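Have a look at the structure below, then the notes.
A quick note: this is a predicted structure, and the numbers were derived from the prediction, not measured. Computed from heavy atoms alone, side chains included, the values below leave out hydrogens, waters and symmetry copies. Letters go in sequence order (proteins before strands), and every chain restarts at 1.
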Protein chains: 2
Amino acid sequence: MTIHQPGKERIDAVRGFNRFYTRQIGLLDEGLLKSAFSLTEARVLYELAHRDGLTATDLVRDLGLDPGYLSRLLKKFEERGLVERAATEADARRSSIALTPAGRVAFAPLNQGSHDQVAALLDRLPAPEQDRLVKAMQTVQSLLGDGAEPKIPYMLRPLQVGDIGWVIHRQGLLYAQEYGWDETYEALVAEILGAFVKSFDPKWERSWFAEREGEVVGSVFVVRQSDAVAKLRLLYVEPSARGLGIGRRLVEECIVFARAKGYKRLTLWTNDVLTSARRIYEAAGFKLADEERHHAFGKDLVGQNWNLEL
Amino acid sequence: MTIHQPGKERIDAVRGFNRFYTRQIGLLDEGLLKSAFSLTEARVLYELAHRDGLTATDLVRDLGLDPGYLSRLLKKFEERGLVERAATEADARRSSIALTPAGRVAFAPLNQGSHDQVAALLDRLPAPEQDRLVKAMQTVQSLLGDGAEPKIPYMLRPLQVGDIGWVIHRQGLLYAQEYGWDETYEALVAEILGAFVKSFDPKWERSWFAEREGEVVGSVFVVRQSDAVAKLRLLYVEPSARGLGIGRRLVEECIVFARAKGYKRLTLWTNDVLTSARRIYEAAGFKLADEERHHAFGKDLVGQNWNLEL
DNA sequence: ACCACTTACTTGACTTAGTCAAGTATATCA
DNA sequence: TGATATACTTGACTAAGTCAAGTAAGTGGT
């Protein structure tokens, strides 16, 4: 009995999905039945066709096969002239396995069949649903895949259509969940961002969006308050993307931008409950100017103004 | 060669996921190796434990098994006293299969093992990621599952935190994709909705959100323009949820609400390119009052005012 | 009421796919 | 240099699944 038990509904949902996908894979594999290869053989051929310098051990590990079984399977392939084994220089026990031209020829229809089958599956769905499917699959894969960190942990990019709605949505939900704020906070964010875009002055203002694996995971805005003063607004980082330094990086960008534009001061307003944001501001050199109690978003809060002289 | 070819990247992504999940299921099944049952036996037991009045044919269909294989498998179970078969009254060829108490006892550790395994898998992820995983799996399942329509096609509910951001996000993206509108439309929606919530008067104003399988797929707002005139704003329905009558239903609710509150007229502003919305308004009895060319959202448009005398 | 056809299994005869244990050659580490 | 680990290989199995043919019971049309 662990202390932190994942909810039963979640477990049941995952088990249900496993049953469902077991069947799904079974259906797809029926297409292989007529071919000369078993599912496992096809998986091996696929790996060989797509990766170079594989050894038997690699295949055993990546496909979860029995070494003895694989050994025989490869021997059969070799006898049929589908694969070749070349001794590796470094280690005489291993040999690197590769498809021969004949092997590629044998694999081609298999590959095509699988491709067509999936194409037919997708074809039943309209394009936006296809995208949803692919996206959901990638989510599952990246969550269950053993933490293969993406090459680029995140990237910053300018505003695109859909971004501000997303930021409003996520901030609204997040602060409701974490601090119990009501929907008036979300409305405030909507007003601020609506006005930001409407009166946007690219010479004096800017926004940054942190994207990770195609999803927005953080953002920040700089707006002009006067000739001398710029205001940093709505810094936010997704809980799932915290710890990557995204928040600090976003604030950093704002400071660099404000300096470059010749502002004398960067100011911001926040609430004392947002402690992790506060730490970022302090680390960046902001000083607390003043604070005052106020009632907003359904809570009693302490609002704070922070300034950074540039 | 079909005319509508799903993109190659999508196909490859799905195939990649299939390979990934084949392995994933393989890993989970290793847990069964020590038990007295094979994967297929476990699947059969699971179905028997969770559904009543199953026949052999049901199992063959739902699990994709060979009838001969299943027949023998059930015979073995029966000999071991794990299942019982009862002749069905209607059809003497079939018999309905059920686990005996002994069968339940035999299934319990199997079930527990699978449960624990999944729990361990989930335990590695923080709770919000678990939710993302489950949600993504449900998306995959509902998209690939053969269109088992949800019991309730959709339901209407009032505004919740996160809704307005979501509507802004989706409308911004949608009209950008479909009509090429730029981000100023999204900003306009944000301003409208920010102001709506801020100055919300529950006595005179209301909003409705259509939810389908836990996702917002449509919305509409009624705001007070004067004592006598209410304005319908921002009607929208997700492309994936069109054809269910959600748009018509939302407009209907607005009309009923406006009448009940004693407004004399319901008015709305739209653009002529939004043809499906227009059809809904016409069907509901709205009359085109006037229209005028204007330039907005990066396009030349024809704005229209529609009225419904209540 | 009857015949052709379908459905719901069952049985027999197989193959294949996969497992397990033991063995050999090479590499690594102390 | 010897003990241990790794990268296969081989032998000996068995479980798992397939395919075809058969039987009994239902269905549909005339």
Sugar-phosphate, base or nothing in reach of A:Asp66, heavy atoms under 4.0 Å: base
Sugar-phosphate, base or nothing in reach of A:Ala87, heavy atoms under 4.0 Å: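 Nothing: the residue A:Ala87, judged by heavy atoms under 4.0 Å, touches no strand.
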Measuring from the side chain of [X] (C-beta onward, heavy atoms only), which nucleotide among [options] has the closest atom?
X	options	result
A:Arg85	C:dA8, D:dT9, D:dT18	D:dT9
A:Lys75	C:dC9, D:dT10, D:dT9	D:dT10
A:Ala92	C:dT26, C:dC9, D:dA25	C:dT26
B:Thr57	C:dA8, D:dA5, D:dT10	C:dA8
A:Asp91	C:dA27, D:dA24, D:dT9	C:dA27
B:Thr55	D:dA24, C:dG18, C:dC9	C:dC9
A:Arg93	C:dT26, D:dA16, C:dT19	C:dT26

Euclidean distance, atom [atom1] of residue [X] to atom [atom2] of [N] [Å, nearest integer]:
X	N	atom1	atom2	value
A:Glu79	D:dT9	CD	P	12 Å
A:Leu39	D:dA16	CG	C1'	14 Å
A:Ile97	D:dC8	CD1	P	7 Å
B:Lys76	D:dT14	NZ	C1'	11 Å
A:Leu70	D:dT9	CG	P	9 Å
B:Leu63	D:dT18	CG	P	13 Å
B:Tyr69	C:dT11	OH	C1'	16 Å
B:Leu74	C:dA8	CG	C1'	13 Å

Donor-acceptor pair, side chain of [X] and main chain of [Y], under 3.5 angstrom:
X	Y	value
B:Gln130	B:Leu122	yes
A:Ser96	A:Thr55	no
B:Ser71	B:Pro67	no
A:Glu84	A:Thr100	no
B:Ser219	B:Trp208	no

N or O in side chain of A:Ser38 less than 4.0 angstrom from C:dA17 OP1/OP2: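 Yes, because at least one side-chain N or O of A:Ser38 sits under 4.0 Å from OP1 or OP2 of C:dA17.
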Salt bridge flag under 4.0 Å for residues A:Arg212 and A:Glu215: no
Base D:dG17 paired with B:Arg72 side chain (donor-acceptor, <3.5 Å): no
Which residue lies more 5' along DNA chain D, comparing B:Glu41 with A:Asp58 via nearest heavy atoms: A:Asp58
A:Thr40 or B:Arg94, whichever maps to the more 5' nucleotide of DNA chain C: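 Between the two, 5'-proximity favours B:Arg94.
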